[in-house]
There are 2 protein chains.
Amino acid sequence: MEEIDRRILTLLAEDGRMSFTDLGKATGLSTSAVHQRVKRLEGRGLIKSYAAVLDYDLVGLPLTAFISIRPIDPSQPDDSPERLRHLTEIESCWSVAGDESYILKVRVGSPADLEDLLARIRTAANVSTRTTIVLSTPYEGRPVG
Amino acid sequence: MEEIDRRILTLLAEDGRMSFTDLGKATGLSTSAVHQRVKRLEGRGLIKSYAAVLDYDLVGLPLTAFISIRPIDPSQPDDSPERLRHLTEIESCWSVAGDESYILKVRVGSPADLEDLLARIRTAANVSTRTTIVLSTPYEGRPVG
DNA sequence: ATCCGCCGGTCGATCTCTTCCACGGACCTG
DNA sequence: CAGGTCCGTGGAAGAGATCGACCGGCGGAT
C-alpha cells in the first residue's frame with residue numbers, strides 16, 4: 001500500500017512525465033488506480049509540482065555560487081528572504097544554523113554578473129556576504145527517498 | 001526565435017507537465033511547432049529531464065543539511081564524488097573553491113540518521129566534514145533564466 | 001535574377017493517454 | 001446481516017501527442 005505510493009514517488013521524481021499507463025505497468029496497478037493515487041499524492045502535497053530540469057551551462061548561466069549572508073545590524077528584524085525574493089538569480093534560500101543566517105544559491109552568466117548581484121543583495125537585505133564559487137557539479141538534484 | 005525557446009524553457013521549468021497545446025497558446029505557435037521546439041531543446045540537452053518536486057517533510061525526510069568535506073590526506077587522488085555516489089541520502093555534490101573541496105546537500109529523517117550518514121561519508125571518502133543544519137527553507141529550486 | 005535546398009512553420013490524421021463514471025469486492029461497525 | 005468506506009477494475013469519451021505531407025521565406029550558387 002504505502003509501499004506502492006513510495007514507488008510511484010520515486011518513479012515520478014526520476015521521470016516527471018511518465019504516463020499513468022507506464023506507472024501502472026511499473027507498479028502492477030491499473031491505469032485508473034495509479035491515476036487516483038497520483039492525484040491523492042498531489043492533493044496531500046507530497047508532490048508539490050513538476051518541473052523541467054535545465055542545463056544551466058547551455059542556457060547561458062554557467063556560473064553557480066553559494067552566498068552566505070549575515071545581518072549587519074542584528075537588531076533589525078530579519079526578513080531577508082522577502083527582501084531578496086525579487087532577485088531572480090537566487091534559485092534557493094535556506095535558513096541555517098551557524099555563524100551565518102542564510103545560505104543562497106545563485107546562477108549567473110559571468111563573474112561580472114555575480115559582482116553586480118552581490119551588491120544588490122547587500123543593499124536589498126543590509127547584510128554582509130561570503131561567497132563560495134562552484135567549480136563543477138558532479139551531480140545535483142538526485143532523487144532521494 | 002531564440003526568444004520563444006527561452007519562453008518555452010521558462011514555462012516548462014515552472015510546470016514540467018504543461019501540454020504542447022497550452023505551450024502553443026502561451027507562445028503563439030501551433031501545437032506541432034512547439035512540439036518540434038521542445039524535442040529539439042531535449043535533443044540539444046538544454047532540457048535534461050523532467051522531475052516531480054516532492055515535499056521532503058511530508059515524505060519523511062524533514063532534516064536537510066549541507067556537509068562541506070575536505071580530504072584528510074591531500075596527496076590521495078580526489079575521487080570523493082564517485083566514492084560517495086552510492087549514498088542515496090546525498091542529493092547534490094558540488095566541487096567548490098575555498099577551504100573545503102566539496103559541498104554536499106543531504107536529506108535525512110532525523111539527527112541520528114545524520115550522525116550515521118556523516119560516519120559513512122567520512123569512511124567512504126576519507127575526509128573530514130563540517131555540517132550546517134538547515135532550519136527552514138524560505139524557497140528552493142526557483143526557476144532562474 | 002533564378003533556382004535550389006534548408007529551416008521552420010501550419011494543417012490534418014491517427015493513435016495514445018487522461019479523465020471520469022459505474023461497478024464490485026474487502027473490511028469495519030452497529 | 002445491512003450499510004458505509006476505501007480501493008480497486010473496466011470502459012467510454014474526450015484531449016493531447018506524434019507523425020507525415022505540404023508550404024513559404026531566405027541565403028547561396030549558378
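In what follows, every heavy atom counts, from backbone to side chain, and hydrogens, waters and symmetry copies are set aside. In what follows, chains carry the letters A, B, and so on, assigned in the order in which the sequence lines appear, proteins first and then strands, with residues in each chain numbered from 1.
Salt-bridge check for B/K39 with B/E42: passed, with a basic side-chain N closer than 4.0 Å to an acidic carboxylate O. With respect to the salt-bridge test (charged N to carboxylate O, under 4.0 angstrom), the residues A/E140 and A/K105 qualify.
The backbone N or O of A/R85 lies less than 3.5 Å from a partner atom in the side chain of B/R142, making a donor-acceptor pair.
In this structure, A/R37 atom CZ and D/dC7 atom C1' are separated by 8 Å, rounded to whole Å.
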### Task
May I have the step-by-step check of side-chain contact (heavy atoms from CB on, under 4.5 Å) for B/L12 and B/L23, ending in yes or no?
CA-CA 9 Å; B/L12 283 177; B/L23 281 172; 4.0 Å; yes
### Query
Going through the checks in order, is the side-chain contact (heavy atoms from CB on, under 4.5 Å) test met by A/L118 and A/E115?
CA-CA 5 Å; A/L118 284 166; A/E115 182 175 26; 5.6 Å; no
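Interatomic distance, CG of A/L63 versus CG of A/D57, reported as 10.0 Å (0.5 Å rounding).
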### Message
Can you build the contact string for nucleotides 13-27 of chain C? Use B for base contact, S for sugar-phosphate-only contact, and - for no protein heavy atom under 4.0 Å.
### Response
----SBSB-------
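Scored by the ring pair (Phe, Tyr, Trp, His ring centres under 6.0 Å) test, B/Y50 finds no partners at all (sequence neighbours excluded).
Residues B/F66 and B/I69 do not share a hydrophobic cluster, clusters being chains of Ile/Leu/Val/Met/Phe/Trp/Tyr side chains in contact below 4.5 Å.
With the end axes of the helix from C/dA1-D/dT30 to C/dG30-D/dC1 each set by five pairs, the angle from one to the other reads 20° at 10° resolution.
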